[in-house]
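Structure, as structure tokens:
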Amino acid sequence: MNQHEVRTARLRAQIPEAGFPRGAGVASATTFVLLLLIAAFTALYLSTAGPLALVRANDAAGRVPDEVTAGQQRTTAGIAQSVATSATAAAGDLQVATGSGVFDTADDTALLTRLGETYDDWRGIAVYDPAAQKVLATRGEPVPVETLRGVAVANLTVRPVARPGDTPLVLTALPLTGPRAGKLLVVSTALRTAAGDLDEASGQQVRLVTADGAVLHTHGSDVAATDAPAQELLARAATAAAAGQSGVLTGAAVAEKTEKDERGTERAPVVAYAPVSPAGIGGSLGLSVVAFSRAPVEAVPVRWPGLVPAAALLVLAVAGFVLLRRTVVAPIRRLRTDALAVAAGVLGKPVRQSRIREVNRVTAALERSRAKLRRRKPAPRVRPFLSAQLVIALVALALLGWSGAVAATLGRQHAEVSPTMLGEHGLRVTRSADTLRRSLAEGLTDLQSVARLGKGKEPGELRGMLDRLAGTESRFRSVYVADAEGAVRLLAGRESLRDPGKLPDGEGLRQHNTSGRVPVVYAFTPLPDSKNVLVGEYDVPRMAGLLGSAVGRVRVVDEGRRTIVDTEGYLAFSPLSDPALIKNADAAQAGKDARETTSSALVAAQRLADKGNAATLKWVVVAEQPIGSLGLADNTVRSGARVAALLTAVVALLLFAWHLLVVVRPLRRVGDQARRIAGGDTGTVVYPQRQDEIGTVASCVEICRQALTDGRDRLGEVRRPAGAATDETELLQKIVDEPAPRARPQRRQPPHAARPARPRPQTPPRVPARTPEEKAKSDYLSWLDGAGV
């Protein structure tokens, strides 16, 4: 190492440079690593078989679609809720009856007769004395009161009762008061499972299972006792449901051969389970719904559509990294080397010029400063032809272009939907329509029961029943008695929304309006022996809640295609606008099959009712489920492509902003200061604002400024300037004390003007040699200056 290199290395050691995240090359290196990670994510995750397909090779053989298993789980949960509603129906009726005064009679037989005539769906009624274990009065079918022996019934209690080979019963026990204190009114009703029609081709079966695992009731196809895998899944599901859990289990696929298909279609057993959780009653039913079916296994073709985009991103990442290192990072580091040499006093070698515009401004100024210090002519200036900012922008735009291309291709591809998924969607819509129909019909039945209990009473005497009906039956928002002209005489619940006017004759369900802020749907029935009418207005948000088993957006439209109920936010009576929805709604209104797969959604429609009181509404349930919400492999690829495109766009913006703020702008600022100093303006101190390569260049420019001001002796070490950054640097002349002049004889001045005396040149004072302590202190202050302290 020669003397020049030693001086440069000594000066380099005095100027600190911090590590990550400082440095001109940190931005390009960091973004390069991030792009490599995104490329790996794109290659592995954007596949139809999933990122672990290379490890789990059996996934390529096929599996039950996630949407099928999720639909089975939602259906099972809906059946469990329906069972809970059926089990508590008699309990709600009894709560309403307690406010009618029907229990005021002391005759048990008369009491049971009145209740039996009012609630014709009750199978049997009995007055039971638990202390004597004796039935005091009975009506209808025999009530199995022996199941209540030993049970402390302090509140309204519901218990299931199994009947071999028949629908299970539900016993509802109500503790009586008054003269009948200590006795129970026990009602038996049939438990409706509301499973609907099951698909025999898929071997569907619905079970009601008790907490100890006993099967209370089955509906649908039989499951062979010798089918060990299916029986194991059923047992596991019953155990989990008894613990209050809900979920779905899938077994191994087995090929089922048929006469037409010798190879056989692979089907896997799917078992969904959910507990029956009634509310508002004492005790627990201890029941669970377990649904069994065999779903076809769909082979998932192993495709890797992310390999090509990943390769393209890798090429862009490598090309951009190399371009940035050669056009931005390398010229800056070469500039730092030459600037350190000039600042160290090595003036014999010219500063290497750069073709990059921002770097060339500094190299040209340093070369002029070097020439001035050496008193030689500067080397010819090289004309720049490229801007660092332009290179950075081009790299960022290339990455943004990749993001846009991936988002426009893989990010917008449509997934293929199998007929099985479309069939499951249509089945869920049918069940949702059935649930809404039964809720409307049961509301009318409740009004009819209240009307029968209120026979011969004044409207004011119905206050207790109306309050209980509006309070316990949340299907109604308001229940009231209207006179012959439709005016409200007695109201329970919220204010009526129906416009005053005469009500239709008879009884039934009606849609009151076709425009306005809120749809008004009501049930009505006449009060016996009176001109008054009992009316119940349905709660529209609750009706929307009954449609939740059909996933997606579910709407109920009338015969004019006006929206009455919607599971999402909507304007009342807004017409259908989607052609696919209109087409299927019209088909369902005509009684035809209405199921369709569009490019973006599954669409299905079902008429609310073909007969009965609900048929007068002429409603159609229309549901659309976005394909993007289905658990399909193509949807996974699409979502992954969007994530990769977004991440790459963020990295591109990060790359541009990081280089602009950390490299380009500081370099331009140092270039302006270096040009000003090279032009002769040496009054402003150059302070390094960053501890990186550009900060080192700024420190070297400041050393050159000091050398141009004080002489070449200032080269070779860092000096901490005194004062603030805004202060002007002034050269103070040394003041020399002259001795007092002696008296000299006066000389006559010549007649011509005397020339002024030439001032004696004054040289700046010489800097005395520094002691080692002073040099150490100067080095410490220089380090503080470089660290920005």
Side-chain angles (χ1 to χ4, degrees), residues 1-15 331-354 358-382 667 669-688 693-722 725 727-734 761-770 775 778-779 782 785-786:
M1 183 180 293
N2 55 34
Q3 182 180 2
H4 292 169
E5 292 177 350
V6 171
R7 296 181 61 180
T8 303
R10 186 185 299 116
L11 179 62
R12 172 68 184 86
Q14 296 181 27
I15 303 177
I332 291 177
R333 290 179 175 175
R334 188 166 56 246
L335 168 63
R336 178 189 61 174
T337 301
D338 292 349
L340 285 171
V342 174
V346 182
L347 305 178
K349 186 177 181 180
V351 177
R352 289 170 291 180
Q353 301 298 300
S354 174
E358 289 81 359
V359 180
N360 185 268
R361 293 165 63 90
V362 185
T363 57
L366 281 177
E367 175 59 21
R368 292 178 60 187
S369 300
R370 184 193 69 86
K372 285 186 177 182
L373 292 173
R374 199 183 177 202
R375 294 187 176 90
R376 295 289 189 276
K377 185 178 180 180
R381 182 179 178 181
V382 175
L667 189 61
R669 186 165 48 247
V670 174
D672 294 339
Q673 294 171 339
R675 291 184 64 183
R676 184 173 61 253
I677 292 173
D681 183 4
T682 59
T684 303
V685 178
V686 179
Y687 284 86
E693 294 91 335
I694 300 177
T696 300
V697 173
S699 299
C700 295
V701 171
E702 167 60 20
I703 295 174
C704 293
R705 184 197 68 82
Q706 296 178 15
L708 291 173
T709 303
D710 300 339
R712 292 172 56 178
D713 293 340
R714 303 302 293 265
L715 295 175
E717 58 180 337
V718 179
R719 299 177 185 271
R720 180 180 177 89
D727 294 344
E728 292 289 334
T729 301
E730 297 181 359
L731 180 62
L732 302 179
Q733 302 293 335
K734 182 177 180 180
Q762 298 184 1
T763 59
R766 298 184 61 185
V767 179
R770 294 183 298 174
K775 188 176 184 302
S778 175
D779 293 342
S782 301
D785 176 70

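Because only heavy atoms are used, hydrogens play no part in the values below, and waters and symmetry mates are left out as well, while side chains stay in. Note that the structure is a prediction, hence the values are computed from the model and not measured.
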* Who passes salt bridge (charged side-chain N to carboxylate O under 4.0 Å, His left out) against R334, sequence neighbours left out? ->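 With sequence neighbours excluded, R334 shows a salt bridge (charged side-chain N to carboxylate O under 4.0 Å, His left out) to no residue whatsoever.
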Of all heavy-atom pairs between [X] and [Y], which one has the smallest distance, and what is that distance?
X: R370; Y: K349; result: CD-O, 3.4 Å
X: V686; Y: A698; result: CG1-O, 3.6 Å
X: L715; Y: V342; result: CD2-O, 3.8 Å
X: L366; Y: C704; result: CD2-SG, 4.3 Å
X: I703; Y: A343; result: CG2-O, 3.6 Å
X: V359; Y: P331; result: CG1-O, 3.9 Å

* Any sub-3.5 Å donor-acceptor pair from R705's side-chain atoms to T682's backbone N or O? ->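 Answer holds: yes.
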* Apply side-chain hydrogen bond (donor to acceptor under 3.5 Å, both in side chains) to R361 and list each qualifying residue two or more places apart in sequence or on a separate chain. =>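 Scan of R361 (side-chain hydrogen bond (donor to acceptor under 3.5 Å, both in side chains), adjacent residues dropped) gives D672.
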* Residues which pass side-chain contact (heavy atoms from CB on, under 4.5 Å) with R368, listed by chain and number, not counting sequence neighbours ->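 A678.
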* Return the set of residues passing side-chain contact (heavy atoms from CB on, under 4.5 Å) with Q353 (not counting sequence neighbours), or none when no residue passes. =>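 Only V351, N360, T363, A364, E367, R381, V382 meet the side-chain contact (heavy atoms from CB on, under 4.5 Å) criterion with Q353.
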* Just wondering, do V697 and I332 contact through their side chains at under 4.5 Å, heavy atoms? ->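 Of all side-chain heavy-atom pairs linking V697 with I332, none is under 4.5 Å.
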* Does some side-chain heavy atom of L335 sit less than 4.5 Å from a side-chain heavy atom of I694? ->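 Result no, sub-4.5 Å side-chain heavy-atom pair not found.
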Would you list the atom pairs, donor with acceptor, under 3.5 Å between side chains in residues 373-380 and any protein atom, with sequence neighbours excluded?
unit_1: R376; atom_1: NH1; unit_2: R374; atom_2: O; d: 3.4

* To do: Would you list the pairs meeting side-chain hydrogen bond (donor to acceptor under 3.5 Å, both in side chains) in which at least one residue belongs to residues 338-348, sequence neighbours left out?
  =>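 Every pair satisfying side-chain hydrogen bond (donor to acceptor under 3.5 Å, both in side chains) with a residue in residues 338-348: D338-R352.
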* If you measure from CD on E693 to CZ on R333, what distance do you get to the nearest 0.5 Å? ->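 Rounded to the nearest 0.5 Å, the CD-CZ separation comes to 5.5 Å.
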* Please round to the nearest 0.5 Å and tell me the distance separating atom OG of S369 and atom NZ of K372. =>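 Those atoms lie 6.5 Å apart.
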* Given R676 and T684, is the side-chain contact (heavy atoms from CB on, under 4.5 Å) satisfied, shown in steps? -> CA-CA 9 Å; R676 184 173 61 253; T684 303; 4.1 Å; yes
